[in-house]
Novice: 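To start, I am sharing the structure in question, which I have written as structure tokens.
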Amino acid sequence: MLARWRGRDIELKTPGELDAMRVAGALVARTLAAVTERARPGVSTGELDALAEETIRGAGAVPSFLGYHGYPASICASVNEQIVHGIPARTQVLADGDLLSVDCGAVLEGWHGDAAVTIAVGAVSDADLALSAACEAALHAGIAAVLPGGRLSDISHAVQVATEAAGRRDGVEYGIVAEYGGHGIGTSMHMDPFLPNYGDPGHGPRLRPGMALAVEPMLTAGDPETLELEDGWTVVTADGSRAVHWEHSVAVTEDGPRILTLPA
Ligand code: MF3
Ligand code: CO
């Protein structure tokens, strides 16, 4: 979501409510798996969107992106220099070497799940694979900081540190997109708090069992500056460098992070 602070009221879920979120999250995971399986050169992002909508509705859930502030599809499909919120289209046919980020959300019995993966379409360059691996590693570092008693910015910091470590390993300075980040999730897709993907640790709200957060780093191979296209949605890198996006919805529990959007 777009960076903004609206306050510090963070929804707390009971263990039973987190179990309900887990069901919604598993459906999101299954949908992303189906989309990943189908994504290949020659397939359009519009077809992937239709597949996602069928998968979600077939499970008795509703695609949460469709109609959200007028958004016209069930997934976001962001190709190459597109970072997030790319609109799928039948005219956008995937090509060998494309880097495709797919973001998906579903609401089931009032509870939301939200997750994203970056998919290598055909033979993707080693640099692109490294970029995507860096982002996935940063996501998991952030998730590991979703701990009761910790602070929100501990997650942000963990994402930043992991991104920098991956960059050192790869000999690249990865860009961390600043204008967009993670968010609280539960009875709505986007709730307080906004969760930046960088920052010093030890700040922000204290993490308590029952909170749920979407952790979603977005990294670029070059400068992290963004532009929004005239469609009012698609966010691209200003320098045209490639971008990736990985996301899970995660709950804070007494036992540590509980990833809600893993496959069942
Ligand atoms: N997961 C995306 C985010 O947190 C949700 C996209 S909303 C949509 O930004 F309207 F673009 F679908
Ligand atoms: Co999200």
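If you read the sequence from its start, that first residue is 1, and numbering goes on from there. Order of appearance sets the numbers: ligands from 1, and atoms from 1 within every ligand.
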Novice: Given salt bridge (charged side-chain N to carboxylate O under 4.0 Å, His left out), test D19 with R258 step by step and report yes or no.
Specialist: CA-CA 10 Å; D19 289 344; R258 181 182 184 193; 3.0 Å; yes
Novice: If you check every N/O/S atom of E247, which is the one nearest the Co ion (ligand 2)?
Specialist: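 Nearest N/O/S atom of E247: OE2.
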Novice: Side chains of E216 and D103: does their closest heavy-atom pair fall under 4.5 Å?
Specialist: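 In contact.
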Novice: Is there a path of hydrophobic side-chain contacts, each under 4.5 Å between heavy atoms of I/L/V/M/F/W/Y residues, joining V215 to L152?
Specialist: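 In one cluster with L152: V215, yes.
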Novice: Using the side-chain contact (heavy atoms from CB on, under 4.5 Å) definition, which of the options S74, S44, P72 pairs with D49?
Specialist: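 The residue from S74, S44, P72 that satisfies side-chain contact (heavy atoms from CB on, under 4.5 Å) with D49 turns out to be S74.
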Novice: Could an N or O of ligand 1 be found under 3.5 Å from any N or O of E216, whether backbone or side chain?
Specialist: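 Yes, there is a polar N/O contact under 3.5 Å.
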Novice: Identify the protein heavy atom lying closest to atom 9 (O) of ligand 1, giving its residue, its atom name and the separation to 0.1 Å.
Specialist: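 The answer is M1 N, 2.8 Å.
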Novice: Taking 4.0 angstrom as the limit and counting only heavy atoms of H183, give me the atoms of ligand 1 inside it, by number and element.
Specialist: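 Those of ligand 1 that fall under 4.0 Å from H183 are 4 (O).
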Novice: Looking only at non-hydrogen atoms, which of M218, M189, H69 approaches atom 7 (S) of ligand 1 most closely?
Specialist: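 Nearest heavy atom to atom 7 (S) of ligand 1 lies in M189.
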Novice: Taking T118 as the fixed residue, which of D128, V124, L99 is the one that meets the side-chain contact (heavy atoms from CB on, under 4.5 Å) rule?
Specialist: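 Going through the options one by one, the only one that passes is L99.
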Novice: Rounded to the nearest 0.5 Å, what's the gap from CG on L227 to CG on L229? Could you check?
Specialist: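 Interatomic distance, L227 CG to L229 CG, rounded to 0.5 Å: 7.5 Å.
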Novice: Taking the N/O/S atoms of D114 one by one, which is nearest to the Co ion (ligand 2)?
Specialist: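 Looking only at N, O and S atoms of D114, the one nearest the Co ion (ligand 2) is named OD2.
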Novice: Do me a favour and list the nearest non-hydrogen protein atom to atom 8 (C) of ligand 1 with residue, atom name and distance?
Specialist: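 Looking only at protein heavy atoms, the one closest to atom 8 (C) of ligand 1 is Y71 CG, 3.9 Å.
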Novice: What atoms of ligand 1 come within less than 4.0 Å of a heavy atom belonging to D103?
Specialist: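 Selected atoms, number and element: 1 (N), 2 (C).
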Novice: Is C76 in contact with ligand 1, taking contact as a heavy-atom separation below 4.0 Å?
Specialist: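 For ligand 1, residue contact (heavy atoms, under 4.0 Å) with C76 is present.
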Novice: Among V28, I56, T187, V62, which residue satisfies the side-chain contact (heavy atoms from CB on, under 4.5 Å) criterion with V107?
Specialist: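 By the side-chain contact (heavy atoms from CB on, under 4.5 Å) criterion, V107 pairs with just one of V28, I56, T187, V62: V62.
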Novice: By atom name, which N, O or S atom of E216 is the nearest to the Co ion (ligand 2)?
Specialist: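 Closest N, O or S atom of E216 to the Co ion (ligand 2): OE2.
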Novice: Is the closest heavy-atom distance from V84 to ligand 1 below 4.0 Å?
Specialist: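 Not so, V84 does not reach ligand 1.
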Novice: Is V146 linked to W246 within one hydrophobic cluster, defined over Ile, Leu, Val, Met, Phe, Trp and Tyr using a side-chain heavy-atom separation of less than 4.5 Å?
Specialist: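 Both belong to a single hydrophobic cluster.
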Novice: From H190, does some N, O or S atom reach closer than 2.8 Å to the Co ion (ligand 2)?
Specialist: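 Checking H190: none of its N, O or S atoms is under 2.8 Å.
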Novice: Quick one: do H190 and Y68 satisfy ring-ring contact (aromatic ring centres under 6.0 Å, His included)? Show the steps, please.
Specialist: CA-CA 10 Å; H190 287 154; Y68 182 83; 5.2 Å; yes
Novice: Got the closest protein heavy atom to atom 5 (C) of ligand 1, with its distance?
Specialist: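 Checked against all protein heavy atoms, atom 5 (C) of ligand 1 sits closest to F65 CZ, 3.6 Å.
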Novice: Looking only at distances, please establish whether an N/O atom of ligand 1 is found under 3.5 Å from an N/O atom of W233.
Specialist: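 No, there is no polar N/O contact under 3.5 Å.
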Novice: Just which atoms of ligand 1 are under 4.0 Å from any heavy atom in D114?
Specialist: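 Answer for ligand 1: 1 (N), 4 (O).
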Novice: Let me check something: do V102 and L129 share a hydrophobic cluster, defined by ILVMFWY side-chain heavy atoms less than 4.5 Å apart, either directly or through other members?
Specialist: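 Unlinked, V102 and L129 end up in two clusters.
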